[in-house]
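As the structure lists them, so they are numbered: ligands from 1, and atoms in each ligand from 1. Since we're looking at a predicted model, the values are computed, not measured.
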Amino acid sequence: SAASDVYKRQAQGLSLKTTAQRAGLRYGTAIEPQTVAADPAFAALVLDQCDLITAENALKWNALRPDRDHFDFAAADQVAAFARRARAPMHGHTLVWHEAIPDWAIHELKAGDPRALLVDHITTVVRRYAGRVVSWDVINEPVERNDRRPDGLRKSPWFEALGPDYLEIALRAAHAADPNARLAIADYGLEYDDIGWMVEKRGTMLELLRGLKARGVPLHALALQGHLLGDHAPSFGAGLAAFLREVAALGLAIYVTELDVNDQNVPGDIAQRDRVVADIYGRFLRTVVAEPATQIVVTWGLSDRYTSKTDFFPRPDHAPVRPLPFDAGLRPKPAALAMAGAFSHRGP
Ligand code: G3I
């Protein structure tokens, strides 16, 4: 059709990396070391499109810590080697999270010296990748309003072991290990203007950030994960813009670190689904990049060939999921064009 011819012409030569750079942004993806090692065509696409690399799983505790006395850096080092090939810095994910903690560490948090465990881990990992990992999700998903604490903090294993101080302990240890690294708190559920719990979570997050900044704790960015909902109308308007403004007013940068669109329940044929997904990417990113404090955009994968959505959010009709900017054949989708369009319209 005429429309698809126009699309194909526009997608030729598409470079998310270059479009982002021209807008003063960095664009990147999360990767698994096995996929880029086993799939040269996919690796070439990442090298072509990205100048920031995140480890989807390789820097988590369960990947790095087979037991208390050992670190296993094999997978993380493979990601770092790939980032070097891409001439790209890394964004590190993640030092403190309530998931992906090995059983021995859960036990150690209850019975051992939790502060030493945390500080030793952060010091070792952050020092090793200093100069390569330029920014870290030091804390991932600290807010859980359903845990019903007045401060909104999640009752994670870290919280249970160390109390609310765990945030400050972690951030100070990371800063001491690499004073040049930019340190972020990351969370989901901050994106939508018309979902009540998300709007409330923004307020909780702002209070948390404000408290840490007021106490002089090293903290440089808020990371929005950006797991967007294919079956919810995009509501990324004045509310999101005002929230980002308030975060920026605290002197914090804004990152998007896990962007994708869950199309589990999006109806229609592939063309219709791709249009819905692209519209969501475009509307979200236009609002986010209009905020001058926004610095990086990372998608949680690059091609539908490799996405954890396949396992976690399969479609009821068993059709392959299509949450990312490139399709399983490594061709750019309308979402990729929508991203490039949002980047290139950055400005006042
Ligand atoms: O390594 C094993 C493999 O040997 C085995 O064959 C396979 C069978 O299922 O499992 C593999 O481990 C899985 C790993 O992903 C690698 O695929 C784990 O079971 C699985 O739990 C793990 O899931 C990851 C999840 O975080 C939990 O750590 C996902 O890949 C990853 O995409 C997801 O990412 C999270 C972010 O860290 C935080 N925000 C939410 C996001 C999920 O969208």
Side-chain angles (χ1 to χ4, degrees), residues 28-39 42 46 52-66 72-79 82 90-103 105-106 121 125 133 135-144 146 154 156-158 170 184-192 197-198 201 205 221-232 255-265 277 280-281 284 296-315 320-325 335:
T29 182
I31 60 164
E32 293 271 41
Q34 319 84 269
T35 57
V36 291
D39 186 341
F42 175 68
V46 177
L52 188 63
I53 298 293
T54 300
E56 183 169 349
N57 289 302
L59 284 167
K60 293 174 181 174
W61 274 73
N62 60 356
L64 290 174
R65 303 298 300 274
D72 178 355
F73 290 111
D77 282 354
Q78 285 176 55
V79 175
F82 185 81
M90 289 159 72
H91 173 75
H93 176 83
T94 173
L95 298 167
V96 186
W97 190 27
H98 62 281
E99 288 185 38
I101 310 173
D103 291 341
I106 295 280
H121 179 86
V125 176
V133 173
S135 53
W136 277 100
D137 291 339
V138 178
I139 321 273
N140 191 37
E141 303 173 1
V143 173
E144 174 49 274
N146 290 330
R154 180 191 297 276
S156 73
W158 305 105
I185 289 181
D187 220 322
Y188 61 86
L190 299 166
E191 293 86 3
Y192 282 82
W197 68 267
M198 292 199 188
K201 188 166 178 171
M205 179 58 79
L222 173 68
L224 307 184
Q225 291 187 352
H227 291 296
L228 305 180
L229 310 169
D231 56 0
H232 192 94
Y255 303 160
V256 176
T257 51
E258 302 185 16
L259 183 59
D260 59 13
V261 176
N262 181 344
D263 75 334
Q264 179 176 47
N265 296 312
V277 167
I280 293 169
Y281 268 99
F284 177 69
I296 71 178
V297 174
V298 174
T299 48
W300 207 235
L302 184 62
S303 150
D304 297 332
R305 191 179 284 189
Y306 305 111
T307 161
S308 61
K309 290 276 184 287
T310 300
D311 294 329
F312 294 155
F313 298 97
R315 289 175 58 87
V321 297
R322 303 177 64 84
L324 289 168

For [atom], is some protein heavy-atom partner under 4.0 Å away?
atom	value
atom 25 (C) of ligand 1	yes
atom 18 (C) of ligand 1	no
atom 1 (O) of ligand 1	no
atom 34 (O) of ligand 1	yes
atom 11 (C) of ligand 1	no
atom 6 (O) of ligand 1	no

For ligand 1, which is the ligand I care about here, please tell me if [X] has any N or O atom under 3.5 Å from one of the ligand's N or O atoms.
X	result
Glu258	yes
Glu141	yes
His93	yes

Check whether any side-chain heavy atom of [X] lies under 4.5 Å from a side-chain heavy atom of [Y], and answer yes or no.
X	Y	value
Trp300	Thr54	yes
Phe82	Pro33	no
Asp137	Trp97	no
Thr257	His93	no
Tyr192	Leu228	yes
Gln264	Val321	no

Could you tell me whether the side chains of [X] and [Y] share a donor-acceptor contact shorter than 3.5 Å?
X	Y	answer
Glu32	Asn57	yes
His91	Ser135	yes
Asn140	Glu99	no

Where the closest heavy atom to [atom] is concerned, which of [options] has it?
atom	options	answer
atom 27 (C) of ligand 1	His227, Glu32, Lys60	Lys60
atom 31 (C) of ligand 1	Glu56, Lys309, Gln225, Gln34	Glu56
atom 22 (C) of ligand 1	Asn57, Thr35, Thr54	Asn57

Checklist entry - Parallel, tilted or perpendicular: which describes the rings of His121 and Trp61, with under 30° parallel and over 60° perpendicular? => result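 Judged by the thresholds at 30° and 60°, the geometry between His121 and Trp61 is parallel.
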
Next on the checklist: Residue-level breakdown please: for Asn140 versus ligand 1, do any non-hydrogen atoms fall below 4.0 Å on the side chain, on the backbone, on both, or on neither?
Outcome noted: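 For Asn140, the contact with ligand 1 is made by the side chain alone.
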
Next on the checklist: One residue to check: Tyr188. Relative to ligand 1, which of side chain, backbone, both or neither has a non-hydrogen atom less than 4.0 Å away?
Outcome noted: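 Neither; no heavy atom under 4.0 Å.
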
Checklist entry - How close does the nearest protein non-hydrogen atom get to atom 23 (O) of ligand 1, and which residue and atom is it? => result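 The closest one turns out to be Phe312 CZ, 3.4 Å.
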
